[in-house]
Novice: 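First, the structure itself, so that you have it in front of you.
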Amino acid sequence: MLSHLLDVAYQAWSRRSGALKGGVTVRQRNCRGTRGGINRMTPDTASGPGDLAGRRRLRADQARLVADVIRQQILRGTYSALPDERSLGEEFNASRNTIRDALDLLRADGLIERQPGVGTVVVGRKYAHGLDRLMGLAETLHEHGTITNEVRTATVIDAPATVAQRLECVRAVYIERLRMLNDLPLSLDLTYLPVDIGEPLLAEDLRNRDIFGLIEQVHGQPLGVAEIGMEAVNADPHSAMILQVPRGSALLLVERLSHFGCGRPIDLEFIRFRGDRLTIRAHVSRG
């Protein structure tokens, strides 16, 4: 698959380059016996600025594809330290400069860093959050450590119009929590509950428990289904300060409306996950 994608990128670049004044001769070399299967394309000549720009675009495409593969290996726990650049170049059949560009992308994502005398090591880890079942954060990430919550707000409010419409209520309980995994900030959760559902929870252990579990325990009804929406957003000043990230950092915003098994909507959440600490995974079937 990776080799095919690089071939497509190369062919597109070749067509663009061939149309440039003066042209460019390209030699394609296939290296046998490598595991990565990436074809190395080497321009023999560059007759103008357009050709140089095309070569840079091609190398950038290669670097991005290499970085994507290594990123997935890091997320799956394959590496604690990366092989050296020469070994990576042989594995992916890519130039040393392409490998360096790929590592720069991973370094910018906060996943790796270069340590003198040690090499390139993995310093950042993302945790997989599944969407196959309706579960709270502590239930989902229990194998990775302890989830604790800093309860920033827990009070009864007049429900904003959109919240009132979706939860079919006039008054609501509003709970704002900073959620941490092993004492590191992971998400900022804003939760709205109808008063009859949420008010009894204010006396419960909101610091150490998922709200889902508390709802089922206190009200004796199982949760049924949820509607989920996701989008990438930039961290606003408030969120950035709480999550301890630079302003404008990438966050994953999840909107979730959960229902009792009987169909009643009872939990509307807006969750901002740190983009550098979480990845969303799902196992789906066609049909």
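The first residue of the sequence shown is numbered 1, and numbering continues consecutively from there.
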Novice: Which atom names give the shortest non-hydrogen contact between Arg209 and Asn149, and what distance separates them?
Specialist: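 Nearest pair, atom of Arg209 first, then Asn149: O-ND2, 3.6 Å.
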Novice: Heavy-atom distance under 4.5 Å between the side chains of Val225 and Leu134, does that happen here?
Specialist: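 Of all side-chain heavy-atom pairs linking Leu134 with Val225, none is under 4.5 Å.
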Novice: Listed by chain and number, what are the side chain to side chain donor-acceptor pair (under 3.5 Å) partners of Asn182, not counting sequence neighbours?
Specialist: none
Novice: For the pair Asp276 and Arg274, find out whether any cationic side-chain nitrogen is under 4.0 Å from an anionic carboxylate oxygen.
Specialist: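 Here Asp276 pairs with Arg274 in a salt bridge, since their nearest N and O are under 4.0 Å apart.
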Novice: In chain order, what residues pass the salt bridge (charged side-chain N to carboxylate O under 4.0 Å, His left out) check against Arg152, with sequence neighbours excluded?
Specialist: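 Checked Arg152 against salt bridge (charged side-chain N to carboxylate O under 4.0 Å, His left out); matches are Glu150, Glu176.
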Novice: Can you tell if the side chain of Arg171 reaches within under 4.5 Å of the side chain of Asp158, non-hydrogen atoms only?
Specialist: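 Yes; the side chains approach each other to less than 4.5 Å.
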Novice: Determine, step by step, whether Thr162 and Leu268 satisfy the side chain to side chain contact (heavy atoms under 4.5 Å, CB included) criterion, reporting the C-alpha distance in whole Å, the side-chain angles of both residues, the deciding distance to 0.1 Å, and the verdict.
Specialist: CA-CA 10 Å; Thr162 301; Leu268 177 61; 5.8 Å; no
Novice: How long is the span from the CZ atom in Arg96 to the CG atom in Asp101, to the nearest 0.5 Å?
Specialist: 13.0 Å
Novice: Which residues pass the side chain to side chain donor-acceptor pair (under 3.5 Å) test with Asn234, sequence neighbours left out?
Specialist: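 With neighbours one apart ignored, the set is empty.
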Novice: Which pair of non-hydrogen atoms, one from Pro265 and one from Pro194, has the smallest distance, and what is that distance?
Specialist: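 That would be O-CG, 4.1 Å.
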Novice: Quick one: do Met230 and Val233 end up in the same hydrophobic cluster if we chain Ile, Leu, Val, Met, Phe, Trp and Tyr together by side-chain heavy atoms under 4.5 Å apart?
Specialist: no
Novice: Hey, quick one: are Ile242 and Leu190 part of the same hydrophobic cluster, counting side-chain heavy atoms closer than 4.5 Å, chains of contacts allowed?
Specialist: yes
Novice: I'd like to know if the side chain of Glu216 reaches the main chain of Leu223, judged simply by a donor and an acceptor atom lying under 3.5 Å from each other, with no hydrogens or angles considered.
Specialist: yes
Novice: Not counting sequence neighbours, which residues clear ring-ring contact (aromatic ring centres under 6.0 Å, His included) with Phe260? List them please.
Specialist: none
Novice: The test is side chain to side chain contact (heavy atoms under 4.5 Å, CB included); show your working for Arg107 and Asp104 and say whether it passes.
Specialist: CA-CA 5 Å; Arg107 191 176 294 110; Asp104 284 343; 2.6 Å; yes
Novice: Can you name the residues that form a side chain to side chain donor-acceptor pair (under 3.5 Å) with Arg86, not counting sequence neighbours?
Specialist: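 Result, side chain to side chain donor-acceptor pair (under 3.5 Å) vs Arg86: Glu90.
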Novice: With rounding to the nearest 0.5 Å, note down the distance linking CG in Leu188 to CG in Leu251.
Specialist: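 One gets 9.0 Å once the value is rounded to the nearest 0.5 Å.
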Novice: Do you know the tightest heavy-atom contact between Ala240 and Ala235?
Specialist: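 In this case the closest contact between Ala240 and Ala235 is CB-CB, 4.0 Å.
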Novice: Walk me through it: do Arg114 and Thr120 pass the test side chain to side chain contact (heavy atoms under 4.5 Å, CB included)?
Specialist: CA-CA 4 Å; Arg114 182 80 177 175; Thr120 302; 3.4 Å; yes
Novice: Just checking, is any N or O donor in the side chain of Asp84 or Ser87 under 3.5 Å from an acceptor N or O on the other one?
Specialist: yes
Novice: At what distance, to the nearest 0.5 angstrom, does CZ of Arg64 lie from CG of Asp61?
Specialist: 4.5 Å
Novice: Any chain of hydrophobic side-chain contacts (each under 4.5 Å) joining Val173 to Val218?
Specialist: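 Yes, Val173 and Val218 fall within the same hydrophobic cluster.
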Novice: Which atom names give the shortest non-hydrogen contact between Leu105 and Ala67, and what distance separates them?
Specialist: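 Closest heavy-atom pair between Leu105 and Ala67: CD1-CB, 4.0 Å.
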Novice: Applying salt bridge (Lys or Arg N to Asp or Glu O under 4.0 Å), which residue pairs with at least one partner in residues 240-251 are found, sequence neighbours left out?
Specialist: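 Passing the test, one end in residues 240-251: no pairs.
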Novice: Main chain of Ser239, side chain of Asp236: is a donor-acceptor contact present, judged purely on distance under 3.5 Å?
Specialist: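 Indeed, once roles are kept as given, a pair shorter than 3.5 Å links the two residues.
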Novice: Got more than 12 heavy atoms from elsewhere within 6.0 Å of CD, Glu139?
Specialist: yes
Novice: Measure the spacing between CG of Leu82 and CD1 of Ile112 and express it to the nearest 0.5 Å.
Specialist: 5.5 Å
Novice: Going by heavy atoms in the side chains, are Ser95 and Gln62 under 4.5 Å from each other?
Specialist: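 Ser95 vs Gln62: side chains apart.
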Novice: How close do Leu167 and Ile266 get, heavy atom to heavy atom, and via which atoms?
Specialist: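 Closest pair (atom of Leu167, atom of Ile266, distance): CD2-C, 3.9 Å.
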Novice: Which residue pairs pass the ring pair (Phe, Tyr, Trp, His ring centres under 6.0 Å) test with at least one member in residues 264-287, sequence neighbours excluded?
Specialist: His129-Phe273
Novice: How close do Ala102 and Val66 get, heavy atom to heavy atom, and via which atoms?
Specialist: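 It is CB-CG1, 3.8 Å.
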Novice: Starting at OG1 of Thr279, measure out to CG of Leu252 and round the result to the nearest 0.5 Å.
Specialist: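 Between Thr279 OG1 and Leu252 CG, I get 9.0 Å after rounding to 0.5 Å.
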Novice: Can you check whether Ser258's main-chain N or O pairs, donor with acceptor, with Asp267's side chain at less than 3.5 Å?
Specialist: no
Novice: Using the salt bridge (charged side-chain N to carboxylate O under 4.0 Å, His left out) criterion, which residues pair with Arg256? Sequence neighbours excluded.
Specialist: Glu269
Novice: Does any non-hydrogen side-chain atom of Phe92 lie less than 4.5 Å from one of Thr98?
Specialist: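 Thr98 vs Phe92: side chains apart.
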Novice: Could you walk me through whether Ile74 and Arg71 pass side chain to side chain contact (heavy atoms under 4.5 Å, CB included), step by step?
Specialist: CA-CA 5 Å; Ile74 290 173; Arg71 180 182 291 106; 5.6 Å; no
Novice: Do you reckon Phe212 sits in the same ILVMFWY cluster as Met135, going by side-chain contacts under 4.5 Å, direct or chained?
Specialist: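 No, because Phe212 and Met135 fall into different hydrophobic clusters, even though each may have its own neighbours under 4.5 Å.
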Novice: If a pair satisfies ring pair (Phe, Tyr, Trp, His ring centres under 6.0 Å) and one of its residues is in residues 146-184, list it, with sequence neighbours excluded.
Specialist: Tyr174-Tyr192
Novice: If the condition is salt bridge (charged side-chain N to carboxylate O under 4.0 Å, His left out), which residues does Arg264 pass it with, not counting sequence neighbours?
Specialist: Asp196
Novice: Are Val195 and Ile197 joined in one hydrophobic group, where the rule is that I, L, V, M, F, W and Y side chains link up if heavy atoms are under 4.5 Å apart?
Specialist: yes
Novice: Considering only heavy atoms from C-beta outward, does the side chain of Val151 approach that of Arg177 to under 4.5 Å?
Specialist: yes
Novice: Quick one: list whatever passes salt bridge (charged side-chain N to carboxylate O under 4.0 Å, His left out) with Asp189, sequence neighbours left out.
Specialist: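 Salt bridge (charged side-chain N to carboxylate O under 4.0 Å, His left out) check on Asp189 returns Arg179.
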Novice: Which one of Ile211, Thr153, Leu201 satisfies the side chain to side chain contact (heavy atoms under 4.5 Å, CB included) criterion with Thr191?
Specialist: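 Of Ile211, Thr153, Leu201, side chain to side chain contact (heavy atoms under 4.5 Å, CB included) with Thr191 is met by Ile211 alone.
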Novice: What is the distance from atom CG of Leu181 to atom CD1 of Ile147, rounded to the nearest 0.5 Å?
Specialist: 4.5 Å
Novice: Residues in side chain to side chain donor-acceptor pair (under 3.5 Å) with Glu227, at least two apart?
Specialist: His259
